[in-house]
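Below is one structure, written out as C-alpha cells; comments come after it.
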Amino acid sequence: MSTRLFRVGSLIAAIALVFAACGPSTPASSSPVAVAPSTSSAPTTEPSKGPATVPPGGPVEIRWFCCIGGGDAPEQTVVEKKVVDAFNASHPNIHLTFEAVPYAGANAALATEIGSGNGPDIVGPAGIGGANAFNGQWLDLAPLIASTNYDLSGFPADAVDIYKLSDGQLGIPFAIYPSALFYKKSLFDEAGLAEPPHKYGDKYTMPDGSTVDWNYDTAANLAKILTVDKAGKDATQAGFDPKKIVQWGFEPQRDDLRGLGAYFGAGKLAADDGKTVQIPDAWAAGWKWWYDRIWKDHSSMTNAQFTSRDINPKDYPFFTGKIAMSENFLWSTYGVKDAGDDWNLAAIPSFNGQTTAAFNADTFRILKATKHPNEAFEVLTYLLGDASAELLTAYGGFPARTAEQPAALDALQAQFTQTIDWQVAVDGVQYADNPNFESYMPAYNETLGLVGSGGKYLTKWSSTPGLDMDKEIQSLKTEMQGIWDKAK
C-alpha cells in the first residue's frame with residue numbers, strides 16, 4: 001500500500017541506524033521531474049565495478065520512473081538523485097535519468113507514457129498492488145538472472161517466489177514487510193491469561209493448564225475475555241454493555257478486505273482466466289469471522305468506533321493501547337510506541353490447520369518494452385545492491401536480504417525500551433501469502449472501491465448488524481463481476 005512509505009517514522013529511523021556507516025508526505029509539483037546528474041555533491045553510494053570506457057555510440061540511456069508506490073517526498077528524491085549521480089559516475093556505459101511524478105498522478109502518467117510508446121525502463125519503488133495495476137507490462141527477469149548469474153540465495157525463498165508468476169520472475173526482493181500479531185502483555189496479565197505463542201506451531205496454554213491449537217477459534221475466545229466495558233465487565237460476563245466498550249480484544253488488519261481475508265489463507269480475486277471473479281473460501285470464512293467478532297462478540301471495533309478520532313485518533317487502534325491483539329505489518333512500528341512499553345509480537349493464528357501471514361513488499365521492476373534490457377538490469381541490480389542501503393533508509397524499508405536483517409532488527413529494537421521478539425516477524429516470511437492478496441485483478445482501482453479502505457463492502461459490513469453474510473459475499477462477487485465485464 002502506498003501510504004506505508006510515508007507512515008514509517010520509527011522504521012525509517014531504525015533502518016537509518018543500520019546504514020549509518022554507509023551514508024539519510026508532502027507532494028511535490030504535479031508535473032514529472034527529470035533529474036540529471038549533479039556536480040555539487042560527491043556520490044554517497046559505493047560504486048559497483050562498471051565498464052571503464054564509454055561505448056563507441058555513447059552511453060545507453062536508461063530512465064527510472066517513480067513514484068507509483070511512494071518515493072516522491074522531497075527528502076526521498078534527494079537520496080534518489082544522489083543514487084543516480086553515483087551510478088553515472090561509476091557506469092560510463094549507461095546514462096541514468098530519474099523521473100519523479102508525485103504519487104497522486106503517477107499511475108496516470110505512467111499509463112500515458114506506456115500507451116504512447118514512450119515508457120521508461122525501470123519503475124519503482126512499487127508495491128505488489130501498484131505493480132499489478134500494470135499487469136502484463138513487466139519484463140520476465142529469469143533469463144537475465146540466469147545469464148548474469150545473479151545470486152538470489154541471499155533472499156528468503158518465499159520472498160523470491162512472491163514475484164514468480166505465470167509470466168515469469170517479475171521482480172527481485174528489495175524491501176519486505178512481514179506481518180505478526182501485536183499484543184499487549186499487561187492486558188493478558190490483567191485477565192489472568194497466558195501470552196499468545198511466539199513460535200509458529202506452538203500451542204496456547206489455557207488458564208487451567210491445558211493446551212489448545214493457536215488458531216482463530218482460540219483467538220476469538222480470548223478476545224471476548226479481553227474485551228471490557230466501562231464497568232469492568234468482559235464480553236463473556238452477564239451485564240456486559242457493548243455500547244460502553246473501553247478495551248477491545250482483537251483487531252484485524254482492515255485496510256483491505258483482500259488483506260483481511262489473506263490471514264485465513266492465500267488467494268486472489270481473479271481466476272486464472274484473468275476475467276472471472278472468484279472468492280477464496282478462506283477469505284469468505286475470514287470475513288464472516290471478522291463480522292461475528294464485531295456484531296456477535298463485540299471484540300472488534302465497528303466502523304463508527306474505528307473511524308472515530310476520539311476513540312481511534314492514530315490510524316490503527318492498537319496504537320491507543322486499548323487493543324489486546326492486532327494483526328499488522330512490520331511497517332506499522334512507526335506508531336506502535338504510543339501503545340505503551342508492554343507490547344510484543346506473537347505468531348499469527350492458524351485457520352483450518354494452516355498459517356498464513358499476509359505480506360507486503362516493494363521493489364523495482366523493468367518494463368518489458370524496454371529497448372535495453374541488459375543495461376536496465378544492470379541499473380536494477382545496482383538499486384538492489386550498491387544503492388540499497390541508502391534507498392531502504394529513505395523509504396523506511398526492511399531489508400529483504402537475510403544477511404542484513406539481524407542488524408536491522410537490532411536497530412529496530414533500539415527504538416524501544418522493552419525487549420521485542422522481532423524474530424516472530426522474520427519467521428512470518430515463510431508463511432507469506434502466495435498468491436499475494438494484491439495480485440492482479442481487472443479494473444484494479446474501481447474494484448478497490450468495493451474492497452479497499454473505505455470501500456463499499458468493508459464499510460457496510462463493519463457498520464451494519466444482522467446481515468446475511470453469504471448473501472453479502474455473493475452480492476460483492478456479482479457487483480465486482482459487473483465492473484470487470486464493463487472493463488473488457
Side-chain angles (χ1 to χ4, degrees), residues 1-4 6-7 68-69 103-104 107-108 127-133 135 179 251-271 275-280 282-295 300-309 311-312 315-317 326-329 331-332 358-360 433 435-487:
M1 48 190 303
S2 64
T3 53
R4 68 171 173 267
F6 303 96
R7 299 191 302 185
I68 65 171
Y103 172 76
N107 269 32
I128 296 169
N132 280 322
N135 183 62
S179 58
E251 265 298 306
Q253 216 300 339
R254 59 161 82 185
D255 284 343
D256 185 323
L257 282 176
R258 298 172 302 164
L260 193 157
Y263 285 95
F264 290 76
K268 57 181 182 175
L269 288 177
K275 61 184 180 181
T276 303
V277 176
Q278 61 179 11
I279 305 295
W283 291 16
W287 296 341
K288 292 176 184 178
W289 186 93
W290 173 52
Y291 187 81
D292 283 346
R293 302 294 75 72
I294 297 172
W295 302 112
S300 291
M301 286 185 169
T302 66
N303 185 64
Q305 293 163 341
F306 185 85
T307 58
S308 168
R309 303 316 286 175
I311 297 174
N312 180 30
D315 297 329
Y316 293 102
S326 180
E327 293 169 330
N328 215 330
F329 301 98
W331 50 255
S332 68
F359 189 76
N360 278 171
D433 57 314
N436 187 263
F437 70 90
E438 293 185 301
S439 294
Y440 165 75
M441 57 187 179
Y444 202 94
N445 290 334
E446 192 173 356
T447 303
L448 286 180
L450 300 181
V451 300
S453 178
K456 177 179 177 179
Y457 284 88
L458 192 155
T459 301
K460 181 182 180 182
W461 295 348
S462 58
S463 301
T464 313
L467 294 174
D468 182 328
M469 283 298 290
D470 288 323
K471 290 182 179 179
E472 286 294 313
I473 293 169
Q474 182 58 49
S475 177
L476 167 61
K477 182 178 181 181
T478 300
E479 187 170 355
M480 196 180 304
Q481 188 67 64
I483 291 172
W484 292 10
D485 289 345
K486 290 179 183 177

Backbone of [Y] reached by a side-chain donor or acceptor of [X] within 3.5 Å:
{"X": "N436", "Y": "N360", "result": "no"}
{"X": "Q481", "Y": "K275", "result": "yes"}
{"X": "E251", "Y": "M301", "result": "yes"}
{"X": "W287", "Y": "L260", "result": "no"}
{"X": "T464", "Y": "W461", "result": "no"}
{"X": "Q253", "Y": "D255", "result": "yes"}
{"X": "T447", "Y": "P442", "result": "yes"}
{"X": "N132", "Y": "E438", "result": "yes"}
{"X": "Y291", "Y": "G466", "result": "yes"}

Working to the nearest 0.5 Å, report the span between [atom1] of [X] and [atom2] of [Y].
{"X": "T478", "Y": "I483", "atom1": "OG1", "atom2": "CD1", "value": "11.5 Å"}
{"X": "E472", "Y": "K460", "atom1": "CD", "atom2": "NZ", "value": "3.5 Å"}
{"X": "M441", "Y": "E446", "atom1": "CE", "atom2": "CD", "value": "10.5 Å"}
{"X": "W290", "Y": "M469", "atom1": "CH2", "atom2": "CE", "value": "8.0 Å"}

**Fill in**
side-chain contact (heavy atoms from CB on, under 4.5 Å) with Q305: of I311, I294, N312, only one passes, and it is I311

**Prompt:** Among L257, I473, L269, which residue meets the side-chain contact (heavy atoms from CB on, under 4.5 Å) test with W283?
**Reply:** L269

**Request:** Let me see the working for K268 and R258 under side-chain contact (heavy atoms from CB on, under 4.5 Å), right down to the final yes or no.
**Result:** CA-CA 8 Å; K268 57 181 182 175; R258 298 172 302 164; over 6 Å; no

**Request:** Identify, with sequence neighbours excluded, every residue that meets side chain to side chain donor-acceptor pair (under 3.5 Å) alongside D292.
**Result:**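 Here no residue qualifies.
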
Are any non-hydrogen side-chain atoms of [X] and [Y] less than 4.5 angstrom apart?
{"X": "S326", "Y": "P317", "answer": "no"}
{"X": "F306", "Y": "S300", "answer": "no"}
{"X": "R254", "Y": "S462", "answer": "yes"}
{"X": "D256", "Y": "V451", "answer": "yes"}

How far apart are the closest heavy atoms of [X] and [Y], and which atoms are they?
{"X": "A262", "Y": "D433", "result": "CB-OD2, 3.8 Å"}
{"X": "F437", "Y": "A358", "result": "CE2-CB, 4.2 Å"}
{"X": "W295", "Y": "S463", "result": "CZ2-C, 3.5 Å"}
{"X": "I68", "Y": "G130", "result": "CD1-O, 3.8 Å"}
{"X": "Y444", "Y": "G129", "result": "OH-CA, 3.1 Å"}

**Request:** If the plane angle is over 60° it's perpendicular, under 30° parallel, otherwise tilted; pick one for F329 and Y263.
**Result:** tilted

**Asked** For D470 and Q474, does a side-chain donor sit closer than 3.5 Å to a side-chain acceptor?
**Response** no

**Prompt:** If we ignore angles and hydrogens, is there a donor and acceptor under 3.5 Å between the side chains of Y457 and E479?
**Reply:** yes

